[in-house]
Amino acid sequence: MTTTGPTPSTDFIRAIILDDLKTNKYGGRVHTRFPPEPNGYLHIGHAKSICLNFGIARDFKGLCNLRFDDTNPSKEEVEYVDSIMEDVRWLGFDWADRLYYASDYFEQIYQWAVQMISAGKAYVCDLTADEVREYRGTLTEPGRNSPYRDRSISENRDLFERMRAGEFPDGSRTLRAKIDMASPNLNLRDPVMYRILHASHHRTGDQWCIYPTYDFTHGQSDSIERITHSICTLEFENHRPLYDWYLRELGIYAPQQIEFARLNLTYTVMSKRRLLELVKEGFVNGWDDPRMPTICGLRRRGYTPEAIRNFCARIGVAKMDSVVDIGLLEHCLREDLNKRAQRVMGVLRPLRLVVDNYPEGQVEQMEAVNNPEDAGMGTRKVPFARTLYIEQDDFREIPPKKYHRLTPGQEVRLRYAYLVRCTSVVKDSNSGEVAEVHCTYDPATRGGNTPDGRKVKGTIHWVSADHAAAAEVRLYDHLFTKPDPDEVAPGQDYKANLNPSSLERLSRCWLEPSLKDAAPGSRYQLERLGYFCVDPDSKPGSPVLNRTVSLVDTWAKIEKKGAGGGGRGARG
RNA sequence: UGGGGAAUAGUGUAACGGCAGCACAAGUGACUCUGGAUCACUUAGUCAAGGUUCGAAUCCUUGUUCCCCAGCCA
């Protein structure tokens with residue numbers, strides 16, 4: 001906090017904690033928890049919560065638990081708990097030996113339910129789900145008491161015991177809190193505490209056929225773990241009075257719940273329901289599809305934990321519903337990758353370039369800088385020869401205004417190699433498209449230097465045709481075409497805004513030879529193109545690259561602005 | 001039409017009765033062997049109307065808009 005750089009101002013939650021520390025509210029303790037339900041993969045929204053909870057523990061020298069809120073056996077699976085642990089760890093956080101499951105507390109929670117019954121604060125209700133809804137009333141009308149509300153304590157105890165023993169079918173009865181059917185807060189209209197569910201639980205197996213609801217579990221779990229600050233999202237604000245009521249009636253330790261606004265991002269969706277739908281209906285290739293906002297998707301895309309953590313620090317924490325520009329996430333990514341990614345050359349859409357006056361069969365090893373931002377990363381050799389590939393975009397027979405690249409008569413620099421001047425083009429006899437470009441080089445400019453001090457506006461990348469490694473490159477764009485995917489015509493849903501070109505596969509790309517056996521997961525900057533990472537689909541000798549994010553493209557902006565004037569792409 | 005929340009540049013977020021600041025985005029220029037990076041500069045804001053005060057984004061009143069709640073989901 002007292003070191004260099006702008007001091008991040010404390011968010012409203014840290015302000016509360018600071019204050020609690022001052023008043024010694026929890027004896028100087030700060031103990032938070034990250035409580036996911038294992039019913040899906042973690043996404044960038046969870047990362048915000050993870051950074052908040054673990055970050056607070058780190059900042060205040062406190063602790064943060066990982067606890068699975070696994071109270072609904074019908075939706076939860078081990079696959080999800082494994083992935084959640086992997087993702088939290090990958091993000092750089094450690095719960096040490098404090099891994100908990102709400103299901104570990106089932107017996108205690110059951111005993112608390114019995115205690116509530118004995119105190120006359122809970123009853124077994126025989127109403128069906130539909131009837132419960134009817135009796136609940138509406139937003140503006142009070143509800144009515146259940147006809148089973150005044151059962152005797154002993155009858156309630158007996159019935160609840162028999163619920164546990166499995167005597168009743170699913171949905172036939174519930175245990176309900178006896179609070180107030182006229183409460184303006186619907187959560188307080190005799191909420192369900194236990195439901196009958198003959199389902200196998202991922203941890204407790206068939207030990208139980210009744211399961212506590214989240215509402216009757218969450219506060220108590222926090223209480224058992226002596227959580228001081230129970231941080232959750234806004235939609236649980238209405239539930240806080242209920243949690244407080246349970247804790248007070250039970251007479252047990254009560255943490256302080258603080259709600260913050262969940263993260264929303266432009267051009268994507270964040271709800272688990274929707275992400276599941278995209279996976280199940282095949283709109284993406286699994287939870288770790290690089291287009292997904294899931295942590296594993298971002299990881300496969302090439303995101304770094306540092307970039308995600310930095311993003312979470314920059315978006316702040318508040319109670320206002322908001323939508324963060326995905327451009328900020330991309331900015332944080334570029335900022336991190338710029339510092340650490342090794343530079344290499346690769347051509348995505350190849351166009352043959354023949355250097356006519358370069359000796360046939362000659363090969364020179366050109367020295368290239370690995371990272372201009374970090375001299376410590378050293379240099380490497382890149383082979384140069386007579387026949388090269390350059391990017392189709394880097395040649396125009398009829399150049400638009402301000403075009404600095406290769407064009408008949410104009411000189412450009414081949415990065416780290418030589419200055420060349422285009423002399424002629426060869427066109428495909430059928431399509432009429434440019435198939436090959438011929439040029440001559442200036443031997444005095446070896447390494448890309450200009451001994452005579454002459455200025456060259458354009459520098460383009462290249463690979464030697466005989467030495468390059470063939471690769472597949474996958475380009476990604478936003479998953480949705482609109483910043484707000486919910487902006488649809490009547491009768492349509494968010495899927496109508498799915499971006500049909502969110503994935504583009506280029507199968508005939510050429511990379512400099514050093515990338516031939518690049519390890520999956522490693523990240524590079526392909527100069528002038530963007531940041532890429534090696535996908536697990538790669539086979540030895542045939543790499544597959546994902547474009548993590550493009551470089552800021554000033555030329556594209558200029559070209560777009562001048563639209564209507566400049567000629568279109570050479571590749572059509 | 002019940003209850004609970006929230007409103008500050010295009011976006012996100014500070015300022016806690018005392019000069020409305022920062023970041024991203026956008027724009028302009030410098031520099032450059034990546035049209036990258038970097039640097040400099042510019043545009044742009046307190047939901048509205050009243051009130052209290054020497055002084056209001058901040059306190060009070062009224063209004064407006066948006067979000068959440070009628071799962072035996074979390």
Side-chain angles (χ1 to χ4, degrees), chain A residues 6 8-11 15 35-37 39 69-72 74-76 125 127-129 132-134 136-143 170-176 183-189 191-197 211 213-215 217-218 232-241 259 261 266 272-273 314-325 327-332 334-335 338-339 343 345 368-369 372-373 402-405 413-417 419 445 447-450 456-461 483 525-530 550-559:
Chain A
S9 52
T10 58
D11 57 72
E37 183 195 9
N39 70 340
D69 270 340
D70 53 354
T71 54
N72 186 350
S74 56
K75 292 185 174 178
E76 297 152 6
C125 182
L127 256 24
T128 65
V132 167
R133 192 175 313 122
E134 251 173 68
R136 186 156 31 228
T138 68
L139 293 179
T140 50
E141 303 154 24
D170 284 4
S172 61
R173 281 176 229 263
T174 56
L175 182 72
R176 294 227 262 162
S183 172
N185 181 343
L186 268 50
N187 295 123
L188 264 25
R189 317 244 263 228
V192 170
M193 297 162 62
Y194 264 90
R195 68 283 217 200
I196 301 173
L197 236 39
Y211 291 92
T213 57
Y214 172 84
D215 279 352
T217 306
H218 190 79
C232 63
T233 43
L234 252 26
E235 67 269 27
F236 294 103
E237 217 156 11
N238 295 333
H239 295 241
R240 179 157 28 95
E259 308 86 7
T266 54
K272 279 198 213 172
R273 205 203 105 246
R314 288 208 206 185
I315 56 175
V317 182
K319 295 194 76 156
M320 181 176 67
D321 293 297
S322 60
V323 184
V324 176
D325 188 339
L328 181 59
L329 214 209
E330 294 169 346
H331 167 81
C332 292
R334 290 190 183 103
E335 186 179 56
N338 177 49
K339 285 181 297 191
R343 273 61 169 172
M345 290 195 284
V369 172
E373 305 291 321
K402 294 183 185 168
Y403 189 77
H404 296 166
R405 285 110 98 142
R413 171 168 26 238
L414 294 178
R415 174 138 241 227
Y416 298 126
L419 267 53
T445 59
N449 302 308
T450 51
V456 187
K457 279 222 184 107
T459 298
I460 65 175
H461 58 273
Q525 182 198 99
L526 293 199
E527 293 214 31
R528 306 208 304 133
L529 296 176
S550 64
L551 251 26
V552 171
D553 192 346
T554 309
W555 167 243
K557 230 179 270 177
I558 296 170
E559 200 180 24

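Only heavy atoms go into these numbers, but all of them, side chains included; no hydrogens, no water, no symmetry mates. Proteins get letters first, then strands, A, B, ... in listed order; numbering begins at 1 in each.
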Would you mind classifying the nucleic acid contact of A:A318 as base, sugar-phosphate or nothing, using non-hydrogen atoms under 4.0 angstrom? sugar-phosphate
Please name all residues satisfying side chain to side chain contact (heavy atoms under 4.5 Å, CB included) with A:D553, sequence neighbours left out, ordered by chain then number. A:W555, A:A556
Applying ring-ring contact (aromatic ring centres under 6.0 Å, His included), name anything that partners A:H218, two or more places apart in sequence or on another chain. A:Y214
What distance, rounded to whole Å, do you find between the two C1' atoms, one in B:U53 and one in B:G17? 9 Å
If the P atom of B:A49 is compared with that of B:U58, how far apart are they to the nearest Å? 12 Å
Scoring nucleotides 35-40 of chain B by protein non-hydrogen atoms under 4.0 Å (B base, S sugar-phosphate only, - none) yields BBS---
So A:T128, base contact, sugar-phosphate only, or nothing? Heavy-atom distance under 4.0 Å. base
Once you round it to whole Å, what is the distance between C1' of B:G71 and CG of A:L197? 12 Å
If you write RNA chain B from 5' to 3' in dot-bracket form, with Watson-Crick or G-U pairs under 3.5 Å, [ ] for crossing pairs and | for pairs with another strand, what do you get? .((((((..((((....[..)))).(((((.......)))))....(((((..]....))))))))))).....
For A:T450, side-chain hydrogen bond (donor to acceptor under 3.5 Å, both in side chains) partners two or more places apart: none
Base, backbone or nothing for each nucleotide of nucleotides 63-70 of chain B, written B, S, -, heavy atoms under 4.0 angstrom, 5' to 3'? ----SBBB
Using a cut-off of less than 4.0 Å, is there contact between a side-chain N or O of A:T71 and OP1 or OP2 of B:A74? yes
Is any side-chain N or O of A:K557 closer than 4.0 Å to OP1 or OP2 of B:G27? yes
Under 4.0 Å between any heavy atoms, over every strand shown, what does A:V369 touch: base, sugar-phosphate, or nothing? Just pick one. nothing
Output the rounded distance in Å from CG (A:D325) to C1' (B:G12). 9 Å
Across the strands shown, which category fits A:Y416 at heavy-atom distances under 4.0 angstrom: base, sugar-phosphate, nothing? base
Between A:R195 and B:G71, does any side-chain N or O lie under 4.0 Å from OP1 or OP2? no
Is A:L127 touching bases, backbone alone, or none of the nucleic acid, heavy atoms closer than 4.0 Å? base
Mark yes or no for whether A:N238, through its side chain, and A:N185, through its backbone, hold a donor-acceptor pair below 3.5 Å. no
Salt-bridge test for A:R240 and A:E259: reply yes if a basic N is under 4.0 Å from a carboxylate O, no otherwise. yes
Non-neighbouring partners of A:R334 that pass salt bridge (charged side-chain N to carboxylate O under 4.0 Å, His left out), sequence neighbours left out: none
Let me spell it out: for each of A:G448 and A:V324, pick the nucleotide of RNA chain B with the closest heavy atom. Which residue's pick is nearer the 5' end? A:V324
Tell me: CD of A:E527 to C1' of B:U32, nearest whole Å? 13 Å
Pairing residues for A:S74 by the side-chain hydrogen bond (donor to acceptor under 3.5 Å, both in side chains) criterion, not counting sequence neighbours: A:N72
Taking atom C1' of B:C72 as reference, at what distance in whole Å does atom NZ of A:K75 sit? 12 Å
I need the CD-P distance between A:E259 and B:G5, as an integer number of Å. 9 Å
Of all residues at least two apart in sequence or in a different chain, which pass the side chain to side chain contact (heavy atoms under 4.5 Å, CB included) check with A:T459? A:R413, A:R415
Under 4.0 angstrom between A:S183 side-chain N/O and B:G3 OP1 or OP2: no
Spacing of the P atoms in B:A7 and B:A15 (rounded, Å): 12 Å
What's the CD1-C1' distance between A:I315 and B:C22, to the nearest Å? 16 Å
Can you sort out the partners of A:R173 under side-chain hydrogen bond (donor to acceptor under 3.5 Å, both in side chains), two or more places apart, ordered by chain and number? A:D126
Start with the C-alpha gap between A:E527 and A:R343, add the side-chain angles, then the distance that decides, and say whether side chain to side chain contact (heavy atoms under 4.5 Å, CB included) holds. CA-CA 6 Å; A:E527 293 214 31; A:R343 273 61 169 172; 3.5 Å; yes
Mind checking the C1' distance from B:A20 to B:A44? Whole angstroms is fine. 13 Å
Look at all strands and tell whether A:V317 reaches a base, only sugar-phosphate, or nothing, counting heavy atoms closer than 4.0 Å. sugar-phosphate
Same-atom distance (C1') from B:C68 to B:U62, integer angstrom: 24 Å
What is the glycosidic conformation of B:G71: syn, defined as within 90° of 0, or anti? syn
Classify the nucleic acid contact of A:R314 as base, sugar-phosphate or nothing, counting any heavy atom under 4.0 Å across all strands shown. sugar-phosphate
Between B:G27 and B:A9, how far apart are the two C1' atoms, rounded to whole Å? 15 Å
So, using side chain to side chain contact (heavy atoms under 4.5 Å, CB included) as the criterion, who are the partners of A:S172 when residues are at least two apart? A:F168, A:P169, A:I196
Could you tell me which residues satisfy side chain to side chain contact (heavy atoms under 4.5 Å, CB included) with A:V369, sequence neighbours excluded, listed by chain and number? A:P372, A:Y416
Of A:N449 and A:T213, whose nearest nucleotide on RNA chain B comes first from the 5' end? A:N449
A:L188 backbone acceptor or donor facing A:S183 side chain under 3.5 Å: no
Closest heavy-atom pair, A:R189 versus A:E141, reported as atoms and distance to 0.1 Å, is NH2-O, 2.8 Å
If you look at every strand shown and take non-hydrogen atoms under 4.0 Å, does A:E237 touch a base, only sugar-phosphate, or nothing? sugar-phosphate
